[in-house]
Every structure is written in structure tokens, then in C-alpha cells.
Amino acid sequence: MDLSVKSAENIEYMIDQIKEKLNIVNAGAIKPTHFDEEMYEEIKDIYEMIMKKSSFSINEMQAIVEELGSLRKQ
């Protein structure tokens, strides 16, 4: 997957990977359709940070979910 290309498919892939890595229970609350390509770089930054870490504290997970929430379409 070439994440250097801004696309809806890449956003979907990154959001799905983030949800899987964080073991988000209510995965339906964070859907790829909630994000548009204007926020691509921010989503990619979060994705890359998450993929580098092996575990997360509760506070880190909460901060990540809040950050994703702030990137949602208005």
C-alpha cells in the first residue's frame, strides 16, 4: 500500500489499522467515512506513530481517540 498517495482508500486502510492496533471496542464510532482527504497528513501522522509503538496506556489511547475525533468532518 502506497500511503504517500492521498486517497479515500488509504484513509480507510489507516483508520482500520488504527482501530485494530488499539483494540477499539466501539469500532463503529470511528469510520473511515468520517474523515476527508483534507486531514490526510494528520491521519497519516497518527497512523505512523501508532504503528511504531507496541503498547499504549489508557491515557494515550484516550488522547488518540480524542485527536481522531477532532479530525472528523464537520
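Note that the coordinates shown come from a computational prediction; the quantities given were computed from them, not determined experimentally. Note that the numbering runs from 1 along the sequence shown for the chain.
- Partners of D2 under the side chain to side chain donor-acceptor pair (under 3.5 Å) rule, at least two apart in sequence or in another chain, are S4.
- Every residue two or more places apart in sequence or in another chain was checked for a side-chain contact (heavy atoms from CB on, under 4.5 Å) with S54, and none qualifies.
- Within the 4.5 Å cutoff, side-chain heavy atoms of R72 are placed close to those of F35.
- Taking all atoms of both residues into account, the shortest heavy-atom contact from Y47 to L3 is CE2-CD1, 3.3 Å.
- Partner of E67 under the side chain to side chain contact (heavy atoms under 4.5 Å, CB included) criterion, out of D45, I43, I46: I46 alone.
- Taking hydrophobic clusters as Ile, Leu, Val, Met, Phe, Trp and Tyr residues chained together by side-chain heavy-atom distances below 4.5 Å, I50 does not share a cluster with I58.
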Side chains of residues 11-23: which donor-acceptor pairs under 3.5 Å do they make with residues two or more places apart or in other chains?
unit_1, atom_1, unit_2, atom_2, d
K19, NZ, A27, O, 3.3
K19, NZ, I30, O, 2.9
K21, NZ, K53, O, 2.8

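- Within a 6.0 Å radius of NZ in K73, other residues, nucleotides and ligands contribute more than 12 heavy atoms.
- Among residue pairs with one or both ends in residues 27-41, none qualify as salt bridge (Lys or Arg N to Asp or Glu O under 4.0 Å); sequence neighbours excluded.
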